[in-house]
Amino acid sequence: MVYRILFWLCLATSLCCSPKGYAQTKPLDEAKYIPYIDLEEYMQPFWKASTLIDETVMVMQQEGEYKCNLLFPPKKILSVTSTDHHIIYKPGVDWVLKNGRLEILPYSSVPFFKMADLQFATRKPDFSMQAKKANNYILFKEGLFFQNRQIAVTYKRTKQSKWLGARSFVNKNKLRRTKKLLNNHQELKICFYGNSIETGYNSSGFIGGPPYMPSWPELVSWKLQHYFKSEVKYYNPSVPGKMAKWGVEQASALVSPIKPDLVIIGFGMNDGASRVSREDFKKQISSIIKTVKSAHPLAEFILIAPMLANPLAVQDGIQSHYLEALNQLDSKDVEIIDMTGVHQELLKHKSYQDMTGNNINHPNDYLSRWYAQMICGLFIK
């Protein structure tokens, strides 16, 4: 079973564009994304924003009805568009707000899927991957295939609606050196270290299609630099398909020479698929920290408990077990971001397909924004 999972992990990586490997700070291509999105709006934390900007939804047809789930009950819907913003869906023609829910009307031009489109018994070349269920496949595609079939909804939520999941807070006793550098407008060096999710798959800007949203590591760097008026340099030696064991082996070569002030570690998705034990995962992340600190004792760390894989996919393993392991590494120099808890709460209100970039294990623009907002929430109230 483990070998089968590793095979599909490698296949998924090979179907993506080539990894960026070791990258340093580069200017964001504002000419591409500015016509479509406002990064300040995109970085408003979902858990406290009164207006939700471009929340994504994959419309599902079930028994003749179109299911369309938003995170919060909408008080007023301001817009419904294609995710690339090229198509504006019209109220009364394509959709209505009825009984506190967004409803897609019959004969609407809004794209949709049926359940049979997502899991099936006959392999579809270039559009499927083996499912967890024997002799079944699930729909899989990299690039913008899924995001181009999702819709973006901007709405005002009802006042009584609340976010009950994990969120981040500013803790003055943690990451004190990083906070001092930011507050004093000094240079900050960040290293993002992980797998394809940390590389930026499937952010539209990484792929190269509208609305060209920067990857979540780029969003984090942009937000911290603009908010604190500091020079933020980021490095991203993340490589798709890798696990924490690889991170241990490469830390001295890829991370230590940077002498980063802050290292954001995001392994776990592929480890969970391969069922690396909680204890082994903890030891490997701890070893990365020790390796970096041996070269740069002042380094501080953010550890990310990973988002979840599609429960229908073979990649769905023990990703949810790693939060407990990471919490045991918590210290004044180490903070934990609970993307596992965020994703679990989101899935109580929305479908996996609302938030995925490949229907297997990658976030779309919307879920990528949760990563960026959660990390920035450790520094910005």
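Please read all numbers here as calculations on a predicted model, not as lab measurements.
Taking the six-membered ring for Trp and the full ring otherwise, Trp370 and Phe46 have centroids separated by under 6.0 Å. Ring centroid separation for the pair Trp246 and Tyr193 comes in under the 6.0 Å cut-off. Ring centers of Phe206 and Tyr201: under 6.0 Å apart, within the cut-off.
Under 3.5 Å, the side chains of Asp94 and Ser109 contain a donor-acceptor pair of N or O atoms. For Asn202 and Glu142, the side-chain atoms include at least one donor-acceptor pair closer than 3.5 Å. The closest side-chain donor-acceptor pair between Gln315 and Asn361, if any, does not fall under 3.5 angstrom. For the residue pair Asn359 and Gln353, a side-chain donor N or O sits within less than 3.5 Å of a side-chain acceptor on the partner. Side chain to side chain, Thr51 and Lys156 meet the donor-acceptor criterion of an N or O pair below 3.5 Å. In this structure, a donor-acceptor pair under 3.5 Å is present between the side chains of Asn364 and Thr56. With no hydrogens or angles considered, a side-chain donor-acceptor pair links Glu55 and Tyr155 at under 3.5 Å. Between the side chains of Gln328 and Lys282, at least one donor-acceptor pair of N or O atoms lies under 3.5 Å. Side chain to side chain, Ser331 and Asp333 fail the donor-acceptor criterion of an N or O pair below 3.5 Å. Between the side chains of Ser196 and His362, at least one donor N or O lies within less than 3.5 Å of an accepting N or O. In the model, Glu218 has a side-chain atom that pairs as donor or acceptor with a side-chain atom of Tyr234 under 3.5 Å.
Atom CD of residue Glu40 and atom CG of residue Asp38 lie 6.5 Å apart, to the nearest 0.5 angstrom.
Two residues are said to be in side-chain contact when any heavy atoms from C-beta on lie closer than 4.5 Å; Pro214 and Trp222 fail this criterion. Val292 has its side chain within reach of Phe301: a pair of non-hydrogen atoms, C-beta onward, lies under 4.5 Å apart. Residues Asn195 and Pro240 form no side-chain contact, since every pair of their non-hydrogen atoms from C-beta on lies 4.5 Å or further apart.
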Under the criterion salt bridge (charged side-chain N to carboxylate O under 4.0 Å, His left out), I'd like the reasoning laid out for Lys132 against Asp316: C-alpha separation, chi angles, the key distance, then a yes or no. CA-CA 8 Å; Lys132 184 181 291 186; Asp316 177 48; 2.4 Å; yes

Please report the C-alpha distance between Arg176 and Glu300 in whole Å, then the side-chain angles of each, then the deciding distance to 0.1 Å, and finally whether the salt bridge (charged side-chain N to carboxylate O under 4.0 Å, His left out) criterion is met. CA-CA 9 Å; Arg176 296 178 69 173; Glu300 296 176 324; over 6 Å; no

Under the side chain to side chain contact (heavy atoms under 4.5 Å, CB included) criterion, do Lys141 and Asp126 qualify, and how do the steps go? CA-CA 7 Å; Lys141 190 69 176 177; Asp126 299 325; 4.1 Å; yes

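More than 12 heavy atoms of other residues, nucleotides or ligands shown are found within 6.0 angstrom of NZ on Lys293. For Lys90, the NZ atom sits in a loose shell: 12 or fewer heavy atoms of surrounding residues, nucleotides or ligands are nearer than 6.0 Å.
For residues 316-356, every residue pair satisfying the ring-ring contact (aromatic ring centres under 6.0 Å, His included) rule, not counting sequence neighbours, is listed here: Phe281-Tyr322, His343-Tyr352.
Taking the six-membered ring where tryptophan is involved, the planes of His86 and Tyr36 are tilted, since the angle between them lies from 30° to 60°.
For Asp354 (side chain) and Ser351 (main-chain N/O), a donor-acceptor pair under 3.5 Å exists by modelled atom type.
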